[in-house]
Amino acid sequence: MTTIEKPVPVVNPWAKPFWDAANKEKLVFQHCKGCDKNIFYPRIACPECFSDDLEWIEASGKGRVYTYTVVESNAPSAFVGDMPYVIAIVKLEEGVQFLSNIVGCDPHSVVCEMPVEVVFERLNDAFTLPKFTPMQG
Amino acid sequence: MGKNAKRAAFIGIGEVPTGRFPETAAIYHAIESAKLAIRDAGIDKDEIDYVMPTASLYSPAFNTELVTCRIVEELGLKNVNKNCQVFAGGSSSSCALQLASSLIETGKAKTVLFVHADRLGTGVTAQGGIDLFSTAGISAEWEVPFGQHYSAIAALATNRYKFETGCTDEELSAVCVSNRKWARLNPNAFFNKKDITIEEVMASKMLSTPLRAKQSNMLFDGGGAFVLTSAERAPDLCPRPVYILGEGGTVTHFVYSQEPDVSRFGWAKAGKKAFEEAGLTPKDMDVAEIYDSYPIYQMIGLEELGFCERGEAGKLFVSGDTWPGGRLPCTTNGGMLSQGHTGAGGAVALLIEAVRQLMGKAGDRQVRDARFAVETATGGTYMDAQVTVLGTEIP
């Protein structure tokens with residue numbers, strides 16, 4: 001069986017700082033100086049107050065599992081070899097939410113509201129994906 | 001007639017069986033459904049002045065034919081002013097209905113033909129279907145790289161809902177049992193040969209926890225169509241026209257992780273608007289055709305629309321309240337779980353079924369004296385909530 005390459009993020013120019021930071025193992029999101037709202041995913045203007053005055057800030061990397069699932073069969077072709085793998089929506093301390101994978105633990109140990117922290121997994125030469133792992137201690 | 005007098009009404013419906021038809025071209029499903037709908041309306045085909053196909057997902061080439069007036073020519077419709085595709089994924093039926101009725105209300109169209117056809121059962125491979133539904137409507141930047149796909153999306157909603165309400169896997173499986181009982185009475189349903197039990201559902205293959213194979217819709221070929229005209233004109237053409245009484249909708253997300261509440265979505269707001277516009281309540285409904293691509297959505301839909309308290313929907317499916325003969329007939333064609341999922345056609349079939357029940361044409365599964373029905377639709381990764389209230393009279 002031929003290995004199917006993993007899909008890489010199709011990056012919008014205004015989100016490039018996010019992926020550049022991920023390559024340096026930093027998790028960043030946008031912050032609106034107009035209304036103080038934290039923003040993810042990256043936008044061209046604040047989705048709350050429509051201001052252009054956005055800055056990038058580094059996340060604590062800590063959050064909770066809002067919801068999760070363990071993929072055991074019928075995965076997309078490029079992910080068949082990864083099964084079982086965990087897909088989760090993680091809510092960061094700063095209030096923004098990501099879809100990612102929970103790694104570094106028994107997939108079946110993941111539960112809602114579990115505390116997690118960011119880890120970085122290199123996808124290829126160009127991309128590093130932020131993933132999450134159960135918080136230690 | 002009351003405030004809704006200018007609204008549109010259904011005068012005809014048509015549908016071909018849902019299934020696997022490797023020898024049948026997709027255009028057949030479109031034009032046969034359309035032919036049945038026009039004959040059901042009892043009008044001359046040349047009264048159709050507006051054709052509104054929705055999109056087919058299996059083939060861009062076939063979809064282009066739908067866009068470029070093939071239906072009009074195949075049926076020989078002589079007085080069509082516009083052939084205009086309306087597509088909103090799984091919400092296409094609701095969005096097209098609102099647009100078509102608006103055209104009729106404003107006099108821009110007199111008689112609208114809506115058509116859906118697709119070949120997701122035989123036009124794509126099984127893995128091709130999985131791969132289509134791991135990219136279509138899923139963010140290529142923020143979710144595809146993490147292995148997201150539609151079973152996982154439903155599972156994410158299910159786990160959060162279970163966490164918040166204590167809903168059990170047995171209750172989720174009971175949705176499949178209920179829908180199968182209805183499908184048994186539906187000649188157009190793919191799964192109409194035998195009942196299914198909670199035990200059989202729970203013994204099926206695990207897809208993405210806690211979602212199992214028999215809790216997943218399956219993709220098939222199929223088609224459906226309906227004809228709309230003005231509420232004033234409808235009674236002269238149709239013995240039992242079905243009026244559009246209320247509509248409500250809300251869009252909540254594109255990227256699934258941005259949905260504010262994956263155990264509720266936007267149904268409460270959309271339902272409130274639809275019922276208020278109709279001047280009716282859930283208690284007035286004789287039939288509830290609730291979108292069911294996976295059990296979780298049918299449960300959340302019933303609860304958020306106000307048919308029961310949060311966390312209580314599962315009991316209705318277990319007890320038989322939602323089954324044939326029950327007090328709350330729900331998703332009476334068998335839904336996407338048992339009639340089968342045909343892409344945008346999943347909710348087209350539900351809308352047609354709501355009209356069929358109200359017209360009194362539902363055969364063995366006819367809900368007696370059905371006067372009012374509610375129908376729901378949602379597209380993409382449950383990006384929106386669309387609710388339609390229909391009736392045989394304008395209250």
Side-chain angles (χ1 to χ4, degrees), chain A residues 4 6-12 14-16 18-19 39-43 47 65-91 96-103 107-108 110-114 121 123-124 127-132, chain B residues 125-136 138-166 204-213 215-219 253-263 294 296 381:
Chain A
I4 297 165
K6 285 272 168 37
V8 300
V10 178
V11 177
N12 287 304
W14 57 91
K16 196 167 175 297
F18 175 91
W19 296 107
I39 302 162
F40 184 82
Y41 51 92
R43 308 295 164 90
V65 171
Y66 171 55
T67 189
Y68 70 96
T69 182
V70 185
V71 181
E72 295 193 3
S73 53
N74 290 25
S77 295
F79 294 86
V80 167
D82 294 353
M83 295 189 293
Y85 66 94
V86 181
I87 297 176
I89 298 175
V90 172
K91 187 164 191 173
V96 295
Q97 293 188 176
F98 292 84
L99 188 102
S100 187
N101 304 123
I102 308 293
V103 296
H108 293 282
V110 177
V111 291
C112 288
E113 300 302 324
M114 181 185 217
E121 274 191 13
L123 179 62
N124 58 23
F127 286 101
T128 301
L129 299 180
K131 300 200 172 179
F132 291 83
Chain B
T125 62
Q127 188 63 41
I130 293 171
D131 290 343
L132 171 65
F133 285 100
S134 61
T135 53
I138 298 177
S139 170
E141 185 163 16
W142 305 110
E143 301 208 342
V144 168
F146 299 95
Q148 180 72 305
H149 57 290
Y150 278 79
S151 298
I153 287 165
L156 290 167
T158 307
N159 266 338
R160 186 68 197 184
Y161 177 84
K162 286 180 70 177
F163 176 78
E164 291 196 13
T165 67
S204 64
K205 182 172 73 169
M206 185 64 82
L207 300 179
S208 289
T209 61
L211 186 85
R212 292 181 181 275
Q215 293 168 336
S216 171
N217 68 79
M218 282 181 69
L219 295 169
H253 69 264
F254 163 60
V255 180
Y256 190 67
S257 66
Q258 303 308 301
E259 163 63 43
D261 191 338
V262 300
S263 72
Y294 298 90
I296 184 65
T381 61

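Letters A, B, ... mirror the listed sequences (proteins, then strands); counts begin at 1.
- Here the side chains of B/Ser263 and B/Thr165 are not in contact, with every heavy-atom distance at 4.5 Å or above.
- Here the OH atom belonging to B/Tyr294 is positioned 6.5 Å from the CG atom belonging to B/Leu211, to the nearest 0.5 angstrom.
- Only the backbone of A/Val8 comes within contact range of chain B, with at least one heavy atom under 4.5 Å from a heavy atom of that chain.
- With respect to chain B, the highest number of heavy-atom pairs below 4.5 Å among A/Tyr85, A/Phe98, A/Phe79, A/Tyr66 belongs to A/Tyr66.
- When the ring pair (Phe, Tyr, Trp, His ring centres under 6.0 Å) test is applied to B/Tyr150, the partners found at least two apart in sequence or on another chain are B/Phe133.
- For chain B, no part of A/Asp82 is nearby; none of its heavy atoms comes within less than 4.5 Å.
- Heavy-atom pairs under 4.5 Å with chain B were tallied for A/Cys112, A/Ala15, A/Ala78; the largest tally goes to A/Cys112.
- Within a 6.0 Å radius of NZ in A/Lys91, other residues, nucleotides and ligands contribute 12 heavy atoms or fewer.
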Please lay out, stage by stage, how B/His149 and B/Ser208 fare under the test side chain to side chain contact (heavy atoms under 4.5 Å, CB included). CA-CA 10 Å; B/His149 57 290; B/Ser208 289; 3.8 Å; yes
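- For A/Phe18, the ring pair (Phe, Tyr, Trp, His ring centres under 6.0 Å) test picks out A/Phe40, B/Trp142, with sequence neighbours left out.
- For the set B/Thr209, B/Val262, B/Val255, the count of heavy-atom pairs under 4.5 angstrom toward chain A peaks at B/Thr209.
- Between chain B and the residues A/Ser73, A/Ala88, A/Ala75, the most heavy-atom pairs under 4.5 angstrom are made by A/Ser73.
- Of the listed residues (A/Pro9, A/Pro107, A/Pro84), the one with the most heavy-atom contacts under 4.5 Å to chain B is A/Pro9.
- Chain B forms more heavy-atom pairs under 4.5 Å with one residue of A/Leu99, A/Val86, A/Val10 than with any other, namely A/Leu99.
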